[in-house]
Number of protein chains: 2
Amino acid sequence: MDIEKLAEMLKALADPTRLKMLAILQHRDCCVCEFVPVFKISQPAVSKHLSRLKTAGLVKESRKGQWVFYSLNREVLEQVGLALRQLPDMSDELKELEKQGLLVNVCCE
Amino acid sequence: MDIEKLAEMLKALADPTRLKMLAILQHRDCCVCEFVPVFKISQPAVSKHLSRLKTAGLVKESRKGQWVFYSLNREVLEQVGLALRQLPDMSDELKELEKQGLLVNVCCE
DNA sequence: ATTTTGTATAACCATATAGTTATATGGTAA
DNA sequence: TTACCATATAACTATATGGTTATACAAAAT
């Protein structure tokens with residue numbers, strides 16, 4: 001996963017309400033109206049949080065009659081956790097700095 | 001790690017510049033002036049990003065003469081990656097919803 | 001057909017974020 | 001001491017974010 005994408009995913013995750021939604025979805029698929037009393041925010045607010053998670057690919061939605069149920073996309077969440085622990089190699093950037101003499105050398109550390 | 005804290009850490013991480021900084025710090029401790037040419041943003045902007053990472057505990061700082069070097073706090077980064085993959089149990093919230101009859105039952109799924 | 005229920009979108013507001021320039025602070029060197 | 005270099009902070013700007021209320025849309029029920 002590239003850094004821009006990872007940052008985007010982390011922004012989708014970096015909110016207590018959305019994290020709790022994901023935590024709840026670990027146990028059970030839920031629809032919008034079930035989340036409203038949990039978080040004590042308006043239905044449109046819940047809807048927007050879920051929409052954000054869906055855009056990031058962290059949840060999937062499926063309509064069941066008049067309800068829209070959301071389910072956790074575990075693999076994607078796994079991928080983010082993994083990507084965080086395997087940040088890309090940036091030695092090229094450092095080599096470039098060295099070539100241009102922009103690395104600081106502290107003697108007698 | 002509690003959800004509020006996790007969200008805070010993820011906010012600190014959810015920026016491409018800061019992620020790249022951490023990726024670079026995997027290879028080598030760096031001072032502020034070394035990051036400036038890498039990201040092509042102003043020195044105060046770099047300073048603020050590093051300050052944010054430091055507040056989150058993701059980096060440590062140490063002065064070396066006139067330079068302030070930043071180093072990666074690998075354990076903390078590990079902890080975040082792990083916390084993401086082990087979101088807290090929220091079954092109590094679901095039990096509460098059930099007790100109050102707020103869970104939707106879709107028959108004939 | 002009309003009403004009701006659940007969800008999504010639009011328009012708006014307050015705050016947070018990421019950048020800028022100007023300036024203050026800390027340490028080194030003349 | 002004075003000048004210089006690296007870093008941090010202050011003040012500001014533009015945009016993103018998370019909430020609201022009002023409204024539109026979809027499916028179900030009367």
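Chain A is the first sequence line, chain B the second, and so forth, proteins listed ahead of strands; every chain is numbered from 1.
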Can you name the atoms? Protein N/O to nucleotides 15-17 of chain D N/O, anything below 3.5 Å, with the distance.
| residue | atom | partner | partner atom | Å |
| --- | --- | --- | --- | --- |
| D:dT17 | OP1 | A:Arg52 | NH2 | 3.4 |

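Comparing B:Gly65 and A:Trp67 by the nucleotide of DNA chain C whose heavy atom lies nearest to each, the residue mapping closer to the 5' end is A:Trp67. Judged by closest nucleotide on DNA chain D, B:Cys33 is the one of A:Arg63 and B:Cys33 placed further toward the 5' end.
Remark: A:Ile41, A:Ser42, A:Pro44, A:Ala45 in residues 37-46 of chain A come within less than 4.0 Å of DNA chain D through at least one heavy atom.
Looking at heavy atoms from C-beta onward, A:Leu84 lies in side-chain contact with B:Leu13 at the 4.5 angstrom threshold.
Of the listed nucleotides (D:dT7, C:dG27, C:dT7), D:dT7 has the atom at the smallest distance from the side chain of B:Cys31. Side-chain proximity of B:Ser47 to D:dT7, D:dG19, D:dA8: nearest is D:dA8. For B:Lys48, the listed nucleotide lying nearest its side chain is C:dT20; candidates were D:dA8, C:dA8, C:dT20.
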Contacts table for residues 1-9 of chain A: side-chain donor-acceptor under 3.5 angstrom, sequence neighbours left out:
| residue | atom | partner | partner atom | Å |
| --- | --- | --- | --- | --- |
| A:Asp2 | OD1 | A:Glu4 | N | 3.3 |
| A:Asp2 | OD1 | A:Lys5 | N | 2.8 |

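Taking atom NZ of residue B:Lys64 and atom C1' of nucleotide C:dG26, one finds them 17 Å apart after rounding to whole Å. Distance B:Asn105 CG to C:dG6 C1': 16 Å, rounded to the nearest Å. If you measure from atom CG of B:Leu53 to atom P of C:dA18, you get 10 Å, rounded to the nearest angstrom. A straight line from NE2 of B:His49 to P of D:dT9 spans 15 Å, rounded to a whole angstrom. Computed from coordinates, the A:Leu103 CG to D:dA6 P distance equals 14 Å when rounded to whole Å. To the nearest angstrom, P of C:dT3 lies 18 Å from CD of A:Gln66. In this entry the distance linking CZ of B:Phe69 with C1' of D:dA6 reads 11 Å, nearest Å. Atom pair A:Lys20:NZ and D:dG18:P shows a separation of 14 Å (rounding to whole Å applied).
By the side-chain contact (heavy atoms from CB on, under 4.5 Å) test, A:Glu96 pairs with A:Lys99, A:Gln100, sequence neighbours left out. Under the side-chain contact (heavy atoms from CB on, under 4.5 Å) criterion, A:Arg63 pairs with A:Val68, sequence neighbours left out.
Applying the side-chain hydrogen bond (donor to acceptor under 3.5 Å, both in side chains) rule to pairs touching residues 31-49 of chain A yields A:Arg18-A:His49, A:Arg28-A:Glu34, sequence neighbours excluded. Identified under the side-chain hydrogen bond (donor to acceptor under 3.5 Å, both in side chains) test for residues 83-92 of chain B, with sequence neighbours left out: A:Glu78-B:Arg85, B:Asp89-B:Ser91. Residue pairs that meet the side-chain hydrogen bond (donor to acceptor under 3.5 Å, both in side chains) test with at least one member in residues 51-62 of chain B, sequence neighbours left out, are B:Lys54-B:Glu61, B:Glu61-B:Tyr70.
Between B:Tyr70 and D:dA8, a side-chain N or O to OP1/OP2 separation shorter than 4.0 Å is present.
Not a single donor-acceptor pair under 3.5 Å links the side chain of B:Asp29 to the backbone N or O of B:Phe69.
Distance check: A:Thr17 OG1 to A:Phe35 CZ gives 10.5 Å after rounding to the nearest 0.5 Å.
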